[in-house]
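Worksheet for the structure shown next.
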Amino acid sequence: MSAAVPVRVRFAPSPTGYLHVGGARTALYNYLFAKHHGGEFIYRIEDTDEARSTEESMRMQIADLNWLGLKWDEGPDPETLVDRGPHGPYRQSRRQDIYKEHADRLLKSGKAYYCFMTDAEIEVQRQEATRLNKPPQVNSPYRNWTLAQAQERLAKGDTAAIRFKVQEKRDYLLKDLVRGDVTFPSDMVGDFVCLRSTGMPVYNFCCAIDDALMQISHVLRAEEHLSNTLRQMMLFEAFDYPLPQFGHLSIILGADKQKLSKRHGATSCNEYRVAGYLAEAMNNFIALLGWSSPNAQEILSMQELIQQFGVERLNSSPAVFDETKLLWVNATHLRALPQAELWERVEPFLLEAGLKLPKDPAWRDRTLAALKTSMSKFTDAVELCRPLSETPLDISADAAEILGWETTEKVILGWKAGLEKLSTEYLTEAEFLQLQDRIKDEQNVKGKQLFQPIRVAVIGKPQGTELKMLVPLLQKRILLERADTVLARLKK
RNA sequence: GUCCCCUUCGUCUAGAGGCCUAGGACAACUCCCUUUCACGGAGUAGACACGAGUUCGAAUCUCGUAGGGGACGCCA
């Protein structure tokens, strides 16, 4: 590795859907690698598949990348989508002149040729090859046409793809950063298309050209591109461009060891964001799928990831995406958050659920202190805080049995009387426990007959978080209202 | 079919010929803390895919076998 070459890496997804966790990991590794080496992280859009690429997908992916905090140094501006950086455009659909010019160069030097084969002809060849158990490669009859011959036919209005002419058989050696030496025989691929007959370039072609022109020094990408690398190496060679270093990351599998896909449940970053996961936990967890910290750390901040990341500790075998561990990583990050920040980040979820909670910072602090150990993700706060919301008490159906007990009314009346005697806005845990004891003695009710009616009078249902935690978080006024609501129900 | 890649506890991994009676983390289980839960603490159980070879010595090197994945597109 030459130290003179500045580190420039890129993440180059195709905008054909949400950002997948696999893509997120690729992006993260590239980002970490760049930041670790003080290099640049470039975001490029591979939108040459006109049928499947959409601007909406692109916006979704940008939003996900932003959520993860992976900021790029060059590429479309996340807000305006206007290109920023000296090597643009960064959307391949806008670089067609460049590809055209490169294809012409190959044509002129005889390294590529016009191919007039139709889809049907290609299909016939493919089926024939498959039938003979041969690699389904295209053997174009136009391979040896002269450029003049082809141009003559083009002049008649026929369209043609431009195919790269794979040269004599030899081995290509790829020194992969993750996999070590990988040898590809050149006949592994047939003459591949560079430019479609529509003029739109094909992935391998623009990828190689862009990586060269954008001066990409290292390409960290998914394993499925490993065998594509051969074509790209041929292209680099044909243009006499210096080859970047490649590292092919293993794929991420679902619990059934099959490639992670929609049937495994959540596979997009966005789903995890909505489900109340923390971006920093997502980064942390994903980083550990295929990479390990040199000092065996499991919980790492972005800063630590940047400091410790290195391509040497990348693992080449596939990794199963384990949601259980993700949840643990998430809970750990969540509980480490300063309480003020935790509230800030949880609040949108509470508001969305329609909860009405006190604005007093001291109250919020107490609440989080009490509830945070049972939270693994932001959305857990919703159910945890629901009983604290200043909304009319909803008496659940399974409270009916308790409401039917003959001692219930006097317990609640005792509870109410006790509350009224208190002068403070909130009662302390100790006061609550004392009050409970007093009701026990005064009303001569104990055990279930005592606890359950109070519980229903507080939260409207027979089970939930411990009352000694909840009661001190509820204003006396609200407790009284709720007790009245339950009493009114008893009268009916 | 051909080529390429991968294979350590259930899962993520450490491991670069002797430090390995294979270490850590999540999950599981047990106990402690706590008048229930959670958090926390202490433990228990659990793996080198298989077979040959190289070597005084192999999880580590080589070769096979099996299994999994990828590529062979005018998809990326």
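Worth knowing before you read on, the calculation uses all heavy atoms, side chains too, and leaves out hydrogens, waters and symmetry mates. By convention in this document, chain letters (A, B, ...) are assigned in the order of the sequence lines, proteins followed by strands, and residues within each chain are numbered from 1.
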From the set B:C12, B:G15, B:C39, return the single nucleotide nearest to any side-chain atom of A:Arg313.
B:G15
Assess the side chains of A:Tyr18 and A:Thr267: does a donor N or O sit below 3.5 Å from an acceptor N or O?
yes
Given B:U11, B:G70, B:C6, the nucleotide with the shortest approach to the side chain of A:Glu224
B:G70
Give me the distance, rounded to whole Å, that separates B:A38 from B:G10 when you measure between the C1' atoms they each carry.
25 Å
If you measure from the C1' atom in B:A28 to the same atom in B:U35, how many Å do you get, rounded?
27 Å
Does the separation of the ring centres of A:Phe285 and A:Trp328 fall below 6.0 angstrom?
no
So for A:Asn228 and B:A76, does any side-chain atom that can act as donor or acceptor lie under 3.5 Å from a complementary atom in the base?
yes
Is A:Lys325 close enough to B:G10 that one of its side-chain N or O atoms is under 4.0 Å from OP1 or OP2 there?
no
Taken to the nearest whole Å, CD1/A:Ile251 to P/B:C5 is 15 Å
Rounding to an integer number of angstrom, what distance separates B:A49 and B:C32 when you compare their C1' atoms?
40 Å
Is there a Watson-Crick or G-U wobble partner for B:C19 with both distances under 3.5 Å, and if so, which one is it?
none
Whole-Å P distance, B:G64 and B:G23:
32 Å
Name the closest nucleotide to the A:Arg52 side chain, picking from B:C12, B:C75, B:C6.
B:C75
Looking at B:C74, I'd like to know if its phosphate oxygens (OP1 or OP2) sit under 4.0 Å from a side-chain N or O belonging to A:Thr198.
no
Base, sugar-phosphate, or nothing for A:Gly190, non-hydrogen atoms under 4.0 angstrom?
nothing
Which of the following nucleotides, B:C74, B:C12, B:C5, is nearest to the side chain of A:Leu289?
B:C12
Counting only side-chain nitrogens and oxygens, does A:Asn315 get under 4.0 Å of the OP1 or OP2 atom of B:A14?
yes
To check you understand the geometry: which heavy-atom pair defines the closest contact between A:Lys461 and A:Asp398, and what is its length?
CB-OD1, 4.4 Å
Considering every strand and a 4.0 Å limit on heavy-atom distances, what is the contact class for A:Met375: base, sugar-phosphate, or nothing?
nothing
Is there a donor N/O on one and an acceptor N/O on the other, under 3.5 Å, for the side chain of A:Glu298 and the base of B:G24?
yes
For a quick test of reading the model: is some side-chain N or O of A:Arg126 closer than 4.0 Å to OP1 or OP2 of B:G1?
no
Counting only side-chain nitrogens and oxygens, does A:Arg196 get under 4.0 Å of the OP1 or OP2 atom of B:A76?
yes
No-H, no-angle donor-acceptor pair, A:Ser374 side chain to B:C37 base, under 3.5 Å
no
Strictly below 4.0 Å: does A:Gln258 bring a side-chain N or O up to OP1 or OP2 of B:G68?
no
Any donor-acceptor pair under 3.5 Å linking the side-chain atoms of A:Gln125 with those of A:Asn139?
no
What integer distance in Å separates A:Gln297:CD from B:C26:P?
14 Å
Tell me if the centroids of the rings in A:Tyr172 and A:Phe184 come within less than 6.0 Å of each other.
no
Using the P atom in both, what is the distance from B:G40 to B:A25, to the nearest Å?
13 Å
Looking at every strand, decide which applies to A:Ile122 at a 4.0 Å heavy-atom threshold: base, sugar-phosphate, or nothing.
base
Touch check for A:Arg221, heavy atoms < 4.0 angstrom, all strands: base, sugar-phosphate only, or nothing?
nothing
Pairwise 5' ranking along RNA chain B for A:Arg25 and A:Val182, keeping only the more 5' one
A:Val182
Please classify the nucleic acid contact of A:His248 as base, sugar-phosphate, or nothing, using heavy-atom distances under 4.0 Å.
nothing
Taking for each residue the nucleotide of RNA chain B with the nearest heavy atom, is it A:Ala296 or A:Glu223 whose nucleotide lies nearer the 5' end?
A:Glu223
Using a 4.0 Å heavy-atom cut-off, does A:Val320 contact any base of the nucleic acid, only the sugar-phosphate backbone, or nothing at all?
sugar-phosphate
Categorize A:Ala319 for me: base, sugar-phosphate, or nothing, with a 4.0 angstrom heavy-atom threshold over every strand shown.
sugar-phosphate
Just say parallel, tilted or perpendicular for the rings of A:Phe309 and A:Phe33, cut-offs at 30° and 60°.
perpendicular
Across all strands, who's sitting opposite B:A25 as a Watson-Crick or G-U wobble pair, both distances under 3.5 Å?
B:U11
Using the P atom in both, what is the distance from B:C33 to B:G41, to the nearest Å?
16 Å
Go ahead and name the base partner of B:A49; Watson-Crick or wobble counts if both distances stay under 3.5 Å, otherwise write none.
B:U65
List the steps and the verdict of side chain to side chain donor-acceptor pair (under 3.5 Å) for A:Gln297 and A:Gln308.
CA-CA 10 Å; A:Gln297 248 177 287; A:Gln308 298 181 21; 2.8 Å; yes
Given B:U11, B:G73, B:C3, which nucleotide is nearest the side-chain atoms of A:Pro136?
B:G73
For B:U2, what is the paired nucleotide under Watson-Crick or G-U wobble rules, both distances under 3.5 Å?
B:A71
Could you give the CE-to-P distance, from A:Met188 to B:G73, as a whole number of Å?
11 Å
Establish whether the base of B:A27 is bridged to the side chain of A:Thr324 by a donor-acceptor pair shorter than 3.5 Å.
no
Closest listed nucleotide, where the reference is the side chain of A:Thr48 and the choices are B:C12, B:A76, B:C4:
B:A76
When rounded to whole Å, the CH2 to P distance for the pair A:Trp328 and B:C12 reads 16 Å
Expressed in angstrom and rounded to an integer, what is the separation of A:Gln137 atom CD from B:U2 atom C1'?
9 Å
Which value, in whole Å, describes the distance between the P atoms of nucleotides B:A16 and B:U21?
14 Å
Categorize A:Ser292 for me: base, sugar-phosphate, or nothing, with a 4.0 angstrom heavy-atom threshold over every strand shown.
sugar-phosphate
Applying a 4.0 Å non-hydrogen cut-off, can you work out what A:Lys372 is touching in the nucleic acid: base, sugar-phosphate, or nothing?
nothing
Taking the C1' atom of each, how far is B:A59 from B:C3, in whole Å?
28 Å
So, for A:His225 and A:Tyr203, is the gap between ring centers shorter than 6.0 Å?
yes
Ring pair (Phe, Tyr, Trp, His ring centres under 6.0 Å) with A:Tyr31: which of A:Tyr43, A:Phe11, A:Trp72, A:Phe41?
A:Phe41
Any A:Arg163 side-chain N or O less than 4.0 Å from OP1/OP2 of B:C74:
yes
Nearest whole Å is fine: how far is B:U36 C1' from A:Glu466 CD?
7 Å
Rounded to the Å, how far apart are A:Ile252 CD1 and B:U13 C1'?
15 Å
Which nucleotide, B:C12, B:C39, B:A76, lies nearest any side-chain atom of A:Arg335?
B:C39
B:C39 -> Watson-Crick or G-U wobble partner, both distances under 3.5 Å, gives none
Interatomic distance, CG@A:Leu473 vs CG@A:Leu467, rounded to 0.5 Å, equals 11.5 Å
Between B:C74 atom P and A:Tyr113 atom OH, what is the distance in whole Å?
11 Å
